[in-house]
Amino acid sequence: MNNDIIPQYDVIRQNYSPEERILLGEMRENLVDLAISTGDNYQVSEEKLLNDIRNFLFLRLNGNTQNKGISNEYLDKLSRKFLRDIIGYGEIDPLIQDDELEEIMIIGTGKPIFVYHRKYGMMKTNIEFNDEQEIKDLIDSIARQINRRIDQESPILDGRLLDGSRINATIPPVSPDGPSLTIRKFRRDPLTIIDLINSKTISLDLAGFLWVCIDGLGVKSANAIISGGTSSGKTTTLNALSAFINPNERIITIEDTLELQIPHEHVIRMETRPANVEGKGELTMNDLVKNSLRQRPDKIIVGEVRAGEAITLFTALNTGHSGFGTLHSNDARETITRLTNPPMSVPEIMIQAIDFIIMQNRIYTPSGVSFRRISEVAEVVGIEEGTVQLNTIFRWNPERDTIDNVGITSNTLVQIANLSGKSINELYSEIENRKIVLKHMINHNIRSVDEVNSVIELYYKDPQKVLNKIILNR
């Protein structure tokens with residue numbers, strides 16, 4: 001009986017003989033030498049690489065008198081195993097391929113690799129590295145794939161894999177106990193606003209409300225900061241809410257590492273760049289935010305607001321642009337405090353450019369499994385005696401596990417009503433209409449990115465036609 005507190009995640013592993021492991025190591029070294037000598041970007045066709053591996057094995061194995069008469073079947077099988085090992089990620093490739101895993105954590109030699117499963121929480125795998133060099137080789141392989149380097153001068157690697165997964169690796173002296181590697185994976189099939197409603201991360205009422213506010217009926221698109229702790233789901237919620245942006249708008253996203261997957265046609269994605277070995281060529285978040293203003297964006301989305309780019313972003317929001325951003329914080333008041341103090345130092349008078357602070361939390365259960373909830377939506381309503389005033393519009397009730405409208409009239413809705421010439425009651429009716437559309441998608445399991453976007457775009461084009469079709473088909 002397994003009495004471990006942490007459940008087990010078993011992987012069917014590639015089994016190599018000692019000789020095969022030596023051959024795999026030589027094969028890797030040859031590929032590295034080839035990439036360095038040709039300036040190759042480590043991108044080759046699988047067919048060509050498989051042929052190269054087979055030729056290499058044929059020469060090496062048949063050159064050994066003990067291996068005379070080796071079968072073609074064995075050569076083909078070993079070649080394909082090596083191919084999967086080389087173009088994949090070796091021992092951890094099955095973990096990379098599992099879309100149910102959120103995170104993969106290598107913490108050193110002689111210790112199991114840990115994973116975070118979307119359903120079962122933290123799990124311990126049956127994979128462990130017993131040789132520090134194996135972990136270093138894996139990290140070096142990843143670094144080459146993303147055109148980065150990691151060595152004693154630059155002992156931290158932060159970047160993204162070709163599939164968009166976020167990676168962070170360290171080697172001594174930063175991690176004196178040995179190399180470490182953390183991979184935060186993103187779903188191949190991204191979560192949409194319908195998924196978030198179904199999982200109760202957001203309520204139907206709040207989704208309808210935010211749809212109207214983010215759209216702004218074409219007269220006032222709301223600006224928002226999505227705040228929360230690490231891995232609380234800020235980016236996922238931002239991606240989902242961005243589906244509500246009018247498809248006619250031009251969007252520019254700015255990130256340290258590309259994570260946002262904005263489901264729109266007119267999107268320009270920009271990513272920061274670290275300095276090269278000579279200390280030149282760095283492009284910071286602030287550089288990219290400034291540059292984005294020259295590209296006539298309708299909406300600027302900053303992946304994570306941390307430092308000087310905050311002032312540039314808020315200057316843009318105060319001069320008529322609209323935008324979103326994410327930020328690490330524990331509650332709405334702390335979000336304001338972080339924005340107005342170093343290193344961000346946004347003047348309090350500028351804070352009024354944002355309409356909402358959307359707080360998201362990751363809630364842990366005794367079993368170790370966690371879930372995400374929007375815990376609060378606070379509206380910035382002005383400054384009084386030098387203090388930014390906040391009104392809570394929606395709040396999560398942990399006893400009922402519901403996100404409740406606390407009954408305060410939203411200033412943002414009032415402003416949209418005034419600018420559009422509509423009454424506040426007409427806006428409430430519009431929220432109800434959009435909830436009908438969202439409810440229709442929930443009931444008919446319309447949840448993929450393309451499906452949800454298609455319905456929302458149809459609604460923007462002809463809302464009455466969409467509503468009539470839904471009501472008649474009920």
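Heads up: numbering here begins at 1 and tracks the sequence. Just so you know, these numbers come straight off a predicted model, no measurement behind them.
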Discussion item. Could you measure the distance from the CZ atom of F186 to the CZ atom of R160? Nearest 0.5 Å is fine.
Written reply: 10.5 Å
Fill in: Residue list, side-chain contact (heavy atoms from CB on, under 4.5 Å) with D131, at least two apart or on another chain
Q133, E134
Worksheet item: Does any donor atom in the side chain of T182 or N168 lie under 3.5 Å from an acceptor atom in the other side chain?
Response: no
Practice prompt. State plainly whether the residues D163 and R188 are in salt-bridge range, i.e. N to O under 4.0 Å.
Written response: no
Worksheet item: Which atom names give the shortest non-hydrogen contact between T125 and P112, and what distance separates them?
Response: O-CB, 3.6 Å
Worksheet item: What is the distance from atom OG of S180 to atom CD1 of I139, rounded to the nearest 0.5 Å?
Response: 6.5 Å
Discussion item. Could you tell me if R373 sits above the aromatic ring of F394, with its cationic atom closer than 6.0 Å to the ring centre and no more than 45 degrees from the axis?
Written reply: no
Item to complete: Identify which one of N198, V437, I193 satisfies the side-chain contact (heavy atoms from CB on, under 4.5 Å) criterion when paired with I442.
Response: N198
Worksheet item: Roughly how far, to the nearest 0.5 Å, is OG1 of T170 from CG of D158?
Response: 11.0 Å
Practice prompt. List the steps, then state whether salt bridge (charged side-chain N to carboxylate O under 4.0 Å, His left out) holds for D195 with R447.
Written response: CA-CA 6 Å; D195 294 315; R447 56 138 310 271; 2.7 Å; yes
Practice prompt. Go through the side-chain N and O atoms of N453 and E457 and say whether any donor and acceptor fall under 3.5 Å apart.
Written response: no
Discussion item. Would you compute the distance between atom CD1 of I393 and atom CG of L206 and round it to the nearest 0.5 angstrom?
Written reply: 10.5 Å
Worksheet item: Do S231 and R184 get their side chains close enough for a donor-acceptor pair, meaning under 3.5 Å?
Response: no
Discussion item. Quick one about N130 and T109 (side-chain donor to acceptor, distance below 3.5 Å, no hydrogens or angles considered), yes or no?
Written reply: no
Fill in: Heavy-atom closest contact (I416 atom, V212 atom, distance)
CD1-O, 4.1 Å
Worksheet item: Counting only heavy atoms not in Y120, do more than 12 sit closer than 6.0 Å to its OH atom?
Response: no
Practice prompt. Start with the C-alpha distance between R21 and E91, add both sets of side-chain angles, then the distance that settles salt bridge (charged side-chain N to carboxylate O under 4.0 Å, His left out), and finish with yes or no.
Written response: CA-CA 12 Å; R21 287 201 173 276; E91 293 272 24; 3.7 Å; yes
Item to complete: Begin from the C-alpha positions of D401 and W396 and carry the test side chain to side chain donor-acceptor pair (under 3.5 Å) through to its verdict.
Response: CA-CA 7 Å; D401 192 17; W396 178 57; 2.9 Å; yes
Worksheet item: After noting the C-alpha distance and the side-chain angles of E102 and R372, does the key distance pass the salt bridge (charged side-chain N to carboxylate O under 4.0 Å, His left out) rule?
Response: CA-CA 13 Å; E102 285 187 11; R372 279 101 172 176; 3.0 Å; yes
Item to complete: Check the pair R149 / D151 against salt bridge (charged side-chain N to carboxylate O under 4.0 Å, His left out), numbers first and verdict last.
Response: CA-CA 7 Å; R149 68 170 194 150; D151 52 34; 2.8 Å; yes
Fill in: N239-T236 side chain donor-acceptor pair, cut-off 3.5 Å
no
Practice prompt. Not counting sequence neighbours, which residues clear ring pair (Phe, Tyr, Trp, His ring centres under 6.0 Å) with Y459? List them please.
Written response: W211
Worksheet item: Is the NZ or CZ atom of K299 both under 6.0 Å from the centre of the six-membered ring of F324 and within 45° of that ring's axis?
Response: yes
Item to complete: Rounded to the nearest 0.5 Å, what's the gap from CZ on F314 to NE2 on H321? Could you check?
Response: 15.0 Å
Discussion item. For the CD1 atom of I135 and the CD atom of E132, what is their distance to the nearest 0.5 Å?
Written reply: 7.0 Å
Fill in: Ring center gap for F82 and F56 short of 6.0 angstrom
no
Item to complete: Please answer whether the main-chain N or O of V11 pairs with a side-chain N or O of N126 as donor and acceptor at a distance below 3.5 Å.
Response: yes
